[in-house]
Protein chains: 2
Amino acid sequence: MHAFFAKFAALMSENFKIPTVFDIAREAGVSRGTVDRVIHRRGRFSAETEKRVRDAIKRLGYSANLNAAKLASRKPRRIACLLPSFKEGEYWDYINRGLVESAGTLGFNLDLQMFLYDQTSSDSFKECSSMLLDTPVDGVLLNAVFKDEVVEFSRELDERGIPYAFIDNNVEGLGNVLYVGFDVYRGGELAAFLLTMSGKPEEILLVRILRDKDHRGDPNRVRRQGFLDYIGKNFPETVVHTVFIDPNAPEGITPTLEAFLSEHPHVRHLATTNSRIHLAAPFLAAHPDIHAVGFDDLEKNVKALKAGYVDFLVTHHIMDISRECLRLFAESLSTGEPPAQRNHYVHLDILHRLNIDGYER
Amino acid sequence: MHAFFAKFAALMSENFKIPTVFDIAREAGVSRGTVDRVIHRRGRFSAETEKRVRDAIKRLGYSANLNAAKLASRKPRRIACLLPSFKEGEYWDYINRGLVESAGTLGFNLDLQMFLYDQTSSDSFKECSSMLLDTPVDGVLLNAVFKDEVVEFSRELDERGIPYAFIDNNVEGLGNVLYVGFDVYRGGELAAFLLTMSGKPEEILLVRILRDKDHRGDPNRVRRQGFLDYIGKNFPETVVHTVFIDPNAPEGITPTLEAFLSEHPHVRHLATTNSRIHLAAPFLAAHPDIHAVGFDDLEKNVKALKAGYVDFLVTHHIMDISRECLRLFAESLSTGEPPAQRNHYVHLDILHRLNIDGYER
DNA sequence: AAATAATGTGTTCACGTGCACGCATTTTTT
DNA sequence: AAAAAATGCGTGCACGTGAACACATTATTT
């Protein structure tokens with residue numbers, strides 16, 4: 001018999017009822033309001049009461065009904081976002097869009113406050129973060145480019161009891177309740193693999209942008225390491241050249257690359273470890289025999305991919321990161337519990353001309 | 001100045017209030033209950049009232065608050081799922097898991113009723129679908145392997161006013177409110193590209209499973225076409241051989257492939273267009289110089305990928321399809337409106353040993 | 001010691017929707 | 001023509017949580 005039907009009404013036993021705050025209150029021998037105050041750490045309860053309530057929650061396996069919570073949420077949750085500033089179409093623009101979009105659709109009453117610092121200046125970060133501390137907030141969402149400064153800032157947040165989450169990249173060992181990002185090193189390896197899979201390269205050109213030189217605040221160091229390690233391991237004789245370009249002087253880029261090529265005419269492989277392979281598109285257009293791999297599905301990069309200038313993009317759903325991060329963080333702020341899972345690594349996608357359709361949502 | 005902050009409290013003007021049923025009722029000059037009856041097509045209202053309500057809804061841009069809807073949903077929505085039967089770990093098992101999981105977490109009171117037919121027998125489909133019609137349901141979720149039978153069944157559903165959605169594959173031009181799936185032809189092309197990107201193949205072995213022979217109910221025909229078209233276009237001299245294997249007699253598979261190889265010793269490329277490349281894993285293990293590409297991230301396939309027997313898997317988040325499909329369908333049943341977008345195509349992922357981590361969620 | 005503040009707890013309304021129920025009025029049946 | 005059914009519409013409770021409020025009791029200040 002191939003046909004049958006089954007009911008999946010309750011995951012558990014026949015008439016298992018999902019516990020509510022009322023059940024917790026009864027179990028703990030207190031009122032619903034008290035349970036609520038314990039859960040949300042709003043004070044006004046004794047240590048003994050807290051224990052009874054928390055035990056009851058654990059015993060009954062209670063977790064808040066998010067629909068009801070969203071419906072009832074009146075006071076806005078203030079979430080400060082301490083992130084790099086951006087121009088339209090840049091990486092952090094996408095992160096920002098995901099955040100703003102989610103804030104609107106998530107159903108919680110979220111009040112996002114953006115603190116955008118200059119990615120090239122640690123002073124700017126410090127200025128922004130101290131401004132943030134003067135503002136009343138319920139939680140902070142931030143990334144971690146300036147390690148020392150981030151560590152110091154996180155200590156301050158810990159002291160004040162303000163929960164915080166890292167997005168996109170992080171520093172290990174701090175008190176954040178959440179991290180949503182990806183495996184940067186793996187991404188570097190993957191780019192190297194894709195670049196070299198059609199045959200052994202004699203020489204490779206790695207295009208970097210000027211500010212990468214600053215080792216203190218270089219977000220792509222780990223990714224580049226992954227790239228170089230892969231090449232070193234699999235093609236030990238291959239030489240990797242580096243050329244620096246200035247994104248603020250785009251007119252100089254193509255000449256710089258051309259000049260390099262005439263000095264190293266055997267180069268047939270080009271890569272960037274930042275999100276700006278599109279800056280090399282004009283150069284690549286003139287040299288269809290050069291394989292190229294870059295990162296991130298910025299609109300301009302995708303254009304270069306579709307045109308065939310770039311072979312592969314290693315990327316992930318950028319906006320998914322921010323959406324997911326904000327969702328988990330908001331839920332956590334709402335329930336008063338840290339997210340069940342602390343680290344969320346998103347999958348690295350490989351984009352090629354043939355599978356790009358449908359990637360952008 | 002690099003720091004600033006902005007509020008995104010309301011997407012629109014300063015104090016824009018999202019309209020509720022009450023606003024609609026006032027605008028239309030009726031009571032809230034009447035609005036509700038119109039929205040959910042539960043009868044008991046005049047044609048003129050309906051128009052007034054619908055106009056008001058459009059004018060104010062009303063759409064139901066899903067949190068409140070989920071919270072208040074008391075009567076379960078009965079959704080019948082008419083899908084291929086499966087063994088554990090097979091493709092449709094994943095689809096099924098996604099459905100069951102979603103039904104539990106979506107927050108609506110969903111009552112899934114599974115009608116599983118034998119993929120190799122159109123009679124079984126007919127039997128199942130008529131059984132389904134004897135059961136009271138609010139909506140039907142189905143896929144489309146047997147075209148004629150599906151068309152007939154859909155007519156019946158249209159007549160009865162039962163909304164239905166296609167999942168994974170569909171038939172164009174029918175009255176379904178929703179389709180969630182992917183571009184099958186594109187997937188075939190992509191597999192061919194990945195198989196051949198490291199160099200021109202002399203001969204290719206396409207491994208098919210026995211029941212593919214039946215052209216009426218062959219779900220992989222289009223995918224295979226994409227594969228063959230790509231090869232034909234880019235490598236016109238390459239010969240594509242086909243070997244049929246029987247998944248029900250796994251012990252015969254490796255000998256069959258070995259026999260083929262000794263007859264065609266130049267073959268270095270192997271592909272399947274179904275989800276069972278793992279059946280060729282033992283053979284591939286013995287021939288590490290053979291490139292192989294398959295479809296779908298079934299556990300066994302991923303194992304073969306990690307072991308290096310398979311180079312690439314073309315796939316998509318299988319369970320995402322069913323999760324997304326059920327979510328949109330349930331929301332549609334709840335609001336009484338068809339989903340804003342009818343066709344949802346998921347992105348094709350390329351899986352390789354280096355990016356498999358984190359793919360499974 | 002009285003006034004004031006802090007602490008601990010319970011009560012109540014609000015959020016927006018689903019849906020049962022009740023009551024009139026009109027239409028159909030007997 | 002009376003009874004029954006169908007139609008059209010409004011009212012009210014329930015869903016589970018957030019959070020203000022009210023009220024005692026205890027601790028602190030004046």
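By convention in this document, chain letters (A, B, ...) are assigned in the order of the sequence lines, proteins followed by strands, and residues within each chain are numbered from 1.
To the nearest angstrom, P of C/dT17 lies 8 Å from CZ of B/Phe22. Between A/Lys17 atom NZ and D/dG16 atom C1' there is a gap of 9 Å when expressed in whole angstrom units.
In this structure, A/Arg155 places its CZ atom where only 12 or fewer heavy-atom neighbours from other residues, nucleotides or ligands lie under 6.0 Å away.
Donor-acceptor pairing under 3.5 Å, judged by distance alone, is present between the side chain of B/Arg37 and the base of D/dG10. With hydrogens and angles left out, the side chain of B/Arg32 and the base of C/dG16 share no donor-acceptor pair within 3.5 Å.
A salt bridge links A/Arg327 and A/Glu324; the closest N-O separation between the charged side-chain nitrogens and carboxylate oxygens is under 4.0 Å.
Between B/His40 and C/dG18 there is a side-chain polar atom (N or O) within less than 4.0 angstrom of OP1 or OP2. Contact annotation: A/Ser46 reaches the phosphate of C/dT9 (side-chain N/O to OP1 or OP2, under 4.0 Å). Distances shown here put every side-chain N or O of A/Ser73 at or beyond 4.0 Å from the OP1 or OP2 atom of D/dT17. OP1 or OP2 of C/dG10 sits under 4.0 Å from a side-chain N or O of A/Thr34. Distances shown here put a side-chain N or O of A/Ser31 below 4.0 Å from the OP1 or OP2 atom of C/dG10.
Residue contacts for B/Asp36: at a heavy-atom cut-off of 4.0 Å it reaches a base atom on one of the strands shown. Looking at heavy-atom distances under 4.0 Å, B/Lys75 makes contact with sugar-phosphate atoms alone, never a base.
Between B/Phe182 and B/Tyr345, a ring centre-to-centre spacing not shorter than 6.0 Å is recorded.
In terms of position along DNA chain C, the nucleotide closest to B/Leu66 lies nearer the 5' end than the nucleotide closest to the other residue of the pair B/Leu66 and B/Arg44.
By the 6.0 Å and 45° rule, A/Arg32 stacks over the aromatic ring of A/Phe22.
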